[in-house]
Amino acid sequence: METRPIPHPPRRIPLLGDILGMDRDAPSQGTLRQHRRLGPIYQRVIVGTTLTFVTGAELVEEINDEKRFRKHVGRPLAKLRTLVSDGLFTAFHHEPSWSKAHNILMPGFTRDAMRGYHQTMLETTRELITRWDEHATAEFVDVPAEMSKLTLEMIGRAGFGYSFDSFGRAHGDQEDPFVGAMLRALRHAEQTAIPIPFRGLFAGKAERQNDADIAYVASVVDEVIAERRANGSGATGDVGETRRPDLLDLMLDSADPETGERLDEVNIRNQVLTFLVAGHETSANALAFALHFLAQNPEIAARARAEVESLWPGADQPEVSFEQVAKLRYVRRVVDETMRLWPTAPGYFREAVADTTIGGDGDGGGYGFAENDWAFVLVLGLHRDPVWGPDVESFDPDRFLPENVRARPGHVYKPFGTGLRACIGRQFALHEMVLALALLVHRYDLEPEPGYELTVKEQLTLKPDGFRLRVRRRVSP
Ligand code: MNH
């Protein structure tokens, strides 16, 4: 069948390829700029490796078709495997460990399971608020760092009954050694993911540090697992009292209903690490972006506050129940619009199941993909497709009013990925983000640093760089 060539940047250098215009520090934002120049699909060849990027809504609709494409474990994900091996997020589609873990863990992400995590999320947010009440109101706070503590604490406690004591440490204290080692290992994976010719001469030292970090992180998780085994599942401090099974209980005590198989010790460790890694930065950064937009748009913050106040009139500390989180419709739209503009997971990889073309008209003329050829769907660009209207850069939560959502095709909003391998933690993330944002905007006025202009830092995820706020306790109306 006749195919069309995929566009590429104009100046191709012999041997090295399309390295001009590559943005090593901010690859996704660099890719967004290339799309503006080259259209909804383009290709870059770097030292013989072909990278294909897609943003156009119509092309993405085809590439999301599970019959023709599937998840591809792209280079950054493959690099993460040194840390989390065949955990859910980094498992290859053909690895049997994926469906086994998926089947065992799915009960941990039902609506009923969220009900079980709710109180922990509420209490954790209140601990942050207590700390901010005491320390933060006089000075500017590092918002992404604070949100990172909040969400790591939430997944640690809700998922595994483990606390990093993030709010016990005095303000400005050093981070937990576990968190330090995990973040270094993450950064290492990211830095070695981009193919760069003539990588630095100090690689050996970095590799040794990385080995040590991974060993340390694994030993901590093993302790958490051993402790749970020793204390038995379903137990709390009070004898005889039972609690709902969390993610760790599910992995230790249940079997895959399809095969009757259980997860082995090493795999459980990989899953715990996967959830700590995949389950905290993305939510934390999304919360930070949301607080940025609320601080920059006082009228939107006022609407969010009005919603919280109408549900809990005059409350000092709203007693938010599980069911009531779903009633925070406007706060939810703020979260949705935040992840439209800055999807903290900036995209996902797909690979062709068999030879195929996309963007053709039925008689050919499409872009060709051989079996296993892959593309990166730049969600950051998809969320700026013309289908979103003329003013894609403006922050407007009302884009997510039900009638506006209905008027758009479903495949143009994909912050949580697509298909079988889409985010398993989506409901968990939405619940924690809506809850935390509602409580924070209700309690504090958000004062941006004068002159702050949003710059976005990339470390696998996107985050607002150097973003600080002064939070002032609001006087109840
Ligand atoms: Mn999450 C997969 C985005 C929060 C656990 N997540 C994905 C994917 C995206 C994503 C995109 C698909 C990646 C791919 O196709 O390669 N996740 C997010 C975002 C947030 C988020 C934007 C918050 C905002 N994720 C969470 C939370 C958890 C979690 C919270 C855990 C509690 N995510 C996962 C896991 C996977 C995943 C596990 C892998 C699922 C699978 O492949 O089966």
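Counting starts at 1 for both ligands and their atoms, following the listed order.
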Asks: Should you measure from each heavy atom of Gly417, which atoms of ligand 1 turn up under 4.0 Å away?
Replies: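 The list of qualifying atoms is 11 (C).
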
Asks: Mind checking whether His383 and Tyr413 have ring centres under 6.0 Å apart?
Replies: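 They qualify: ring centres under 6.0 Å apart.
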
Asks: Can you tell me which residue and heavy atom of the protein come closest to atom 22 (C) of ligand 1, and the distance to 0.1 Å?
Replies: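 Looking only at protein heavy atoms, the one closest to atom 22 (C) of ligand 1 is Pro415 O, 3.5 Å.
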
Asks: What's the separation between atom CG in Leu439 and atom CE in Met121, rounded to the nearest 0.5 Å?
Replies: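 Separation between the atoms: 12.5 Å.
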
Asks: Specify the protein heavy atom at minimum distance from atom 12 (C) of ligand 1: its residue, its atom name, and the distance to 0.1 Å.
Replies: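 The closest one turns out to be Arg421 O, 3.7 Å.
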
Asks: For ligand 1, which atoms have a heavy atom of Tyr348 less than 4.0 angstrom away?
Replies: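 That gives atoms 14 (C), 15 (O) of ligand 1.
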
Asks: Within the 4.5 Å heavy-atom criterion, are Met154 and Leu150 side-chain neighbours or not?
Replies: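 Yes. Closest side-chain heavy atoms under 4.5 Å.
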
Asks: If you measure from each non-hydrogen atom of Leu77 to ligand 1, which part falls under 4.0 Å: side chain, backbone, both or neither?
Replies: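 Side chain only; the backbone of Leu77 stays clear of ligand 1.
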
Asks: Would you say Arg70 and Asn372 are linked by a side-chain donor-acceptor pair, where the criterion is simply a distance under 3.5 Å?
Replies: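 Arg70 and Asn372 do have a side-chain donor-acceptor pair below 3.5 Å.
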
Asks: Under 6.0 Å between the ring centres of Tyr348 and His72?
Replies: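 No, they do not, as the ring centres are separated by 6.0 Å or more.
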
Asks: Any chance the rings of Phe467 and Phe289 have centres within less than 6.0 Å?
Replies: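 Aromatic pair excluded; centres sit 6.0 Å or further apart.
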
Asks: Side chain, backbone, both or neither: which applies to Ala422 and ligand 1 if a contact is any heavy-atom pair less than 4.0 Å apart?
Replies: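 Just the backbone.
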
Asks: So between Phe109, Phe275, Phe416, Phe89, whose heavy atom ends up nearest atom 13 (C) of ligand 1?
Replies: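 Comparing heavy atoms across Phe109, Phe275, Phe416, Phe89, the nearest one to atom 13 (C) of ligand 1 lies in Phe89.
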
Asks: Does Arg350 reach ligand 1, in the sense of a heavy atom lying below 4.0 Å from it?
Replies: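 No, Arg350 has no heavy atom closer than 4.0 Å to ligand 1.
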
Asks: Can you find a pair of side-chain heavy atoms, one from Ile225 and one from Ile268, that are under 4.5 Å apart?
Replies: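 Yes - at least one pair of side-chain heavy atoms lies under 4.5 Å apart.
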
Asks: Considering only heavy atoms of Met433, which atoms of ligand 1 have at least one such atom less than 4.0 Å away?
Replies: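 So the answer, numbered in order with elements, is 24 (C).
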
Asks: Is the terminal nitrogen or CZ of Arg384 (NZ for Lys, CZ for Arg) located under 6.0 angstrom from the six-membered ring centre of Trp342 and within 45° of that ring's axis?
Replies: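 Cation-pi check for Arg384 and Trp342: passes.
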
Asks: For residues Thr461 and Glu281, is any side-chain donor paired with an opposing acceptor at under 3.5 Å?
Replies: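 Yes, side-chain donor-acceptor contact under 3.5 Å.
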
Asks: Starting from atom 28 (C) of ligand 1, what is the nearest protein heavy atom, named by residue and atom, and what distance separates them?
Replies: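 Checking every protein heavy atom, the shortest distance to atom 28 (C) of ligand 1 gives Gly279 CA, 3.4 Å.
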
Asks: Ring centroid separation for Phe275 and Phe89, is it under 6.0 angstrom?
Replies: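 They do not qualify: ring centres at least 6.0 Å apart.
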
Asks: When you compare the side chain of Thr55 with that of Asp385, does any pair of heavy atoms fall below 4.5 Å?
Replies: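 The answer is no, as the side chains (C-beta and beyond) never meet within the 4.5 Å cut-off.
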
Asks: Should the ring pair Phe53 and His35 be called parallel, tilted or perpendicular, given that the plane angle runs from 0 to 90° and is split at 30 and 60?
Replies: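 Rings of Phe53 and His35: perpendicular, over 60°.
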
Asks: Examine the proximity of ligand 1 to His280 and report which part, side chain or backbone, both or neither, has a heavy atom under 4.0 Å away.
Replies: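 Under 4.0 Å from ligand 1, His280 contributes no heavy atoms.
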
Asks: Does only the side chain of Lys414 get under 4.0 Å from ligand 1, or the backbone, or both, or neither? Count heavy atoms.
Replies: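 It is neither part, as no heavy atom is under 4.0 Å.
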
Asks: What protein heavy atom lies closest to atom 35 (C) of ligand 1? Include the residue and the distance to one decimal.
Replies: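 Nearest neighbour among protein heavy atoms for atom 35 (C) of ligand 1, to 0.1 Å: Ile424 CG2, 3.7 Å.
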
Asks: Side chain, backbone, both or neither: which part of Ile155 has a heavy atom under 4.0 Å from ligand 1?
Replies: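 Looking at Ile155 and ligand 1, just side chain atoms fall under 4.0 Å.
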
Asks: Would you mind checking which non-hydrogen protein atom is closest to atom 4 (C) of ligand 1, with the distance to 0.1 Å?
Replies: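 Result: Thr282 OG1, 3.5 Å.
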
Asks: May I ask you to identify the nearest protein heavy atom to atom 5 (C) of ligand 1, giving residue, atom name and distance to one decimal place in Å?
Replies: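 Minimum-distance protein heavy atom for atom 5 (C) of ligand 1 reads Ala278 CB, 3.9 Å.
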
Asks: Quick one: which ligand 1 atoms are inside 4.0 Å of a heavy atom on Thr344?
Replies: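 Contacts of ligand 1 toward Thr344, numbered from 1: 22 (C).
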
Asks: Tell me which protein heavy atom sits closest to atom 17 (N) of ligand 1, plus the residue, atom name and distance to 0.1 Å.
Replies: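 Minimum-distance protein heavy atom for atom 17 (N) of ligand 1 reads Cys423 SG, 3.2 Å.
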
Asks: For Met339, counting its heavy atoms only, list the atoms of ligand 1 lying under 4.0 Å from any of them.
Replies: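 Selected atoms, number and element: 24 (C).
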
Asks: Examine Glu432 against ligand 1 and note whether any of their N/O atoms are separated by less than 3.5 Å.
Replies: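 By distance alone, the answer is no.
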
Asks: Looking at Leu128, Asp142, Leu437, which one forms a side chain to side chain contact (heavy atoms under 4.5 Å, CB included) with Met147?
Replies: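 Result for side chain to side chain contact (heavy atoms under 4.5 Å, CB included) with Met147: Leu128.
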
Asks: Kindly state whether the ring of Phe369 and the ring of Tyr367 have centres lying under 6.0 angstrom apart.
Replies: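 No, too far apart.
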
Asks: Quick test: of every protein heavy atom, which one is nearest to atom 43 (O) of ligand 1, and how far off is it to 0.1 Å?
Replies: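 The protein heavy atom lying closest is Trp98 NE1, 2.7 Å.
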
Asks: Using distance alone, decide if ligand 1 has a nitrogen or oxygen within less than 3.5 Å of any nitrogen or oxygen in Gly425.
Replies: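 It does not: no N or O of Gly425 is found under 3.5 Å from an N or O of ligand 1.
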
Asks: Numbering the atoms of ligand 1 from 1, which are under 4.0 Å from a heavy atom of Lys71?
Replies: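 This gives 14 (C), 16 (O) as the contact atoms.
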
